[in-house]
Amino acid sequence: MKAILLAGGRGTRMGSLTEDTPKPLVIVGGRMLIERVIEKLAAAGVTHIILSIGYLAEQFEKVLGDGSRWGVNFLYSVEGEPRGTGGAMALAAQRYLAPDDVVVVVNADLISDHSIREQLDFHMQQNADITLHVREVDDPRRFGMVRCDSNWQVTEFIEKPDTISREWINAGTYVVEGSALLAITERQPLSWEREVLPELIAAGSRVLAFRENVYFRDVGTIDDIHAAEGEGR
């Protein structure tokens, strides 16, 4: 089982914290932000984690090593220039994936109690092409809003909407068939959320929503760090 851990962003909203340190390596609640995601992937049975990195890429291997301390193997996919989330996933897939791989893709700045193992099981039981974790929020403007039919097949994906209402949102963890990632048309920069997912939905790919309302925090700002630590994370 493989995963792509998206860890290449600049982290500009973190201010001085990310001037010399990549956001995933920032300390939150006494440990690196990225550690929580690595532990969740390992607990779900993932054995190979592809770290998709860019900003201050040289620090990751020095700090994290080969993954053995978490019982996994790390593979490093380094972006020479920013490619966007879709471009980073495409590059990692071209380097390390086969069409028949089932791949977990997750952002490195998430703190979440959701079950990756249950999402994987749901994906395989439903014979989906892509499964995304969704949860409900009262204000979806920071996230991607998800519309589904009665069978929870995704019909529309609206990135960072303007409306304030209780909605299902994209919670940043995906299970994806390797063939879907290998078919991404190379463009730079390319957004998985704003471009690739809507194109796949329009083309008829079986994109399903895995619903789980559990603790979730997208750690994008210093205020998010303080909030997470105040919540005991």
Side-chain angles (χ1 to χ4, degrees), residues 1-97 101 103-114 116-117 133 171-174 176 181 189 192 215-233:
M1 185 68 68
K2 295 178 181 176
I4 298 174
L5 187 46
L6 297 172
R10 171 65 178 81
T12 54
R13 292 182 297 159
M14 289 284 196
S16 61
L17 284 180
T18 54
E19 286 181 0
D20 301 309
T21 303
K23 181 168 70 167
L25 303 186
V26 167
I27 301 298
V28 179
R31 56 184 176 149
M32 291 178 290
L33 186 55
I34 198 172
E35 287 187 80
R36 296 163 172 79
V37 187
I38 295 169
E39 290 168 359
K40 283 172 61 67
L41 290 169
V46 171
T47 57
H48 291 75
I49 298 176
I50 304 163
L51 289 167
S52 176
I53 55 180
Y55 176 65
L56 298 176
E58 69 282 354
Q59 293 191 26
F60 284 86
E61 191 164 6
K62 291 179 182 177
V63 173
L64 301 176
D66 62 3
S68 56
R69 100 176 72 154
W70 295 280
V72 298
N73 297 301
F74 287 159
L75 303 165
Y76 288 91
S77 177
V78 182
E79 300 175 75
E81 57 186 359
R83 293 170 171 259
T85 49
M89 290 162 66
L91 182 65
Q94 291 160 13
R95 288 175 170 169
Y96 294 116
L97 298 185
D101 283 327
V103 187
V104 179
V105 181
V106 59
N107 294 311
D109 56 0
L110 292 182
I111 301 177
S112 171
D113 287 342
H114 115 279
I116 292 175
R117 183 68 257 173
H133 172 214
T173 301
Y174 314 91
V176 189
L181 292 176
W192 169 254
Y215 179 88
F216 167 91
R217 184 167 291 280
D218 175 5
V219 182
T221 68
I222 294 174
D223 286 344
D224 290 325
I225 291 177
H226 294 158
E229 291 177 334
E231 293 156 351
R233 299 289 168 157

Open item on the list: As a test of understanding, state which of I225, D218, V219 forms a side chain to side chain contact (heavy atoms under 4.5 Å, CB included) with I111.
Closed with: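 With I111 as partner, side chain to side chain contact (heavy atoms under 4.5 Å, CB included) holds for just one option, V219.
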Indicate the atoms forming the closest heavy-atom contact of [X] with [Y], along with that distance.
{"X": "V78", "Y": "R95", "result": "N-NH1, 3.0 Å"}
{"X": "S77", "Y": "I50", "result": "CB-CG2, 4.0 Å"}
{"X": "M89", "Y": "I4", "result": "O-CD1, 4.2 Å"}
{"X": "V63", "Y": "M32", "result": "CG1-SD, 3.5 Å"}
{"X": "E79", "Y": "S52", "result": "OE2-OG, 4.2 Å"}
{"X": "P22", "Y": "Q59", "result": "CD-OE1, 3.2 Å"}

Atom [atom1] in [X], atom [atom2] in [Y]: separation rounded to 0.5 Å?
{"X": "R13", "Y": "D109", "atom1": "CZ", "atom2": "CG", "value": "8.0 Å"}
{"X": "L25", "Y": "F60", "atom1": "CG", "atom2": "CZ", "value": "4.5 Å"}
{"X": "I222", "Y": "L17", "atom1": "CD1", "atom2": "CG", "value": "4.5 Å"}
{"X": "E19", "Y": "M14", "atom1": "CD", "atom2": "CE", "value": "13.5 Å"}
{"X": "T21", "Y": "I27", "atom1": "OG1", "atom2": "CD1", "value": "8.5 Å"}
{"X": "L6", "Y": "T173", "atom1": "CG", "atom2": "OG1", "value": "10.0 Å"}

Open item on the list: Whether the side chain of D66 engages the backbone of S68 through a donor-acceptor N/O pair (distance < 3.5 Å, no angle test) should be reported.
Closed with: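 Side chain of D66 to backbone of S68, a donor-acceptor pair under 3.5 Å: yes, one is there.
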- [ ] Give a yes or no answer on whether the side chain of T47 reaches the backbone of M1 with a donor-acceptor pair at less than 3.5 Å.
- [x]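 At least one qualifying donor-acceptor pair exists.
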Task: side chain to side chain contact (heavy atoms under 4.5 Å, CB included) assessment of L51 paired with I34 - done: CA-CA 10 Å; L51 289 167; I34 198 172; 3.9 Å; yes
Any side-chain heavy atom of [X] within less than 4.5 Å of one from [Y]?
{"X": "W70", "Y": "L41", "value": "no"}
{"X": "V37", "Y": "E39", "value": "no"}
{"X": "R36", "Y": "V28", "value": "yes"}
{"X": "W192", "Y": "V176", "value": "yes"}

Task: Short side-chain donor-acceptor distance under 3.5 Å, D223 and T221 - done: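 D223 and T221 do not have a side-chain donor-acceptor pair below 3.5 Å.
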- [ ] Using side-chain hydrogen bond (donor to acceptor under 3.5 Å, both in side chains) as the criterion, list what pairs up with E231, not counting sequence neighbours.
- [x]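 Checked E231 against side-chain hydrogen bond (donor to acceptor under 3.5 Å, both in side chains); matches are Y215, R217.
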- [ ] Would you please name every residue forming a side-chain hydrogen bond (donor to acceptor under 3.5 Å, both in side chains) with D113, sequence neighbours left out?
- [x]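 With neighbours one apart ignored, the set is R233.
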- [ ] Decide side chain to side chain contact (heavy atoms under 4.5 Å, CB included) for V46 and V72; before the verdict, give the C-alpha distance in whole Å, the side-chain angles of both, and the deciding distance to 0.1 Å.
- [x] CA-CA 7 Å; V46 171; V72 298; 5.5 Å; no
Task: Parallel, tilted or perpendicular: rings of H114 and H133 (30°, 60°) - done: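 Judged by the thresholds at 30° and 60°, the geometry between H133 and H114 is parallel.
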TODO: On the 0 to 90° scale, with breaks at 30° and 60°, tag the F74-Y76 ring pair as parallel, tilted or perpendicular.
DONE: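 Taking Y76 first and then F74, their aromatic rings stand perpendicular (interplane angle over 60°).
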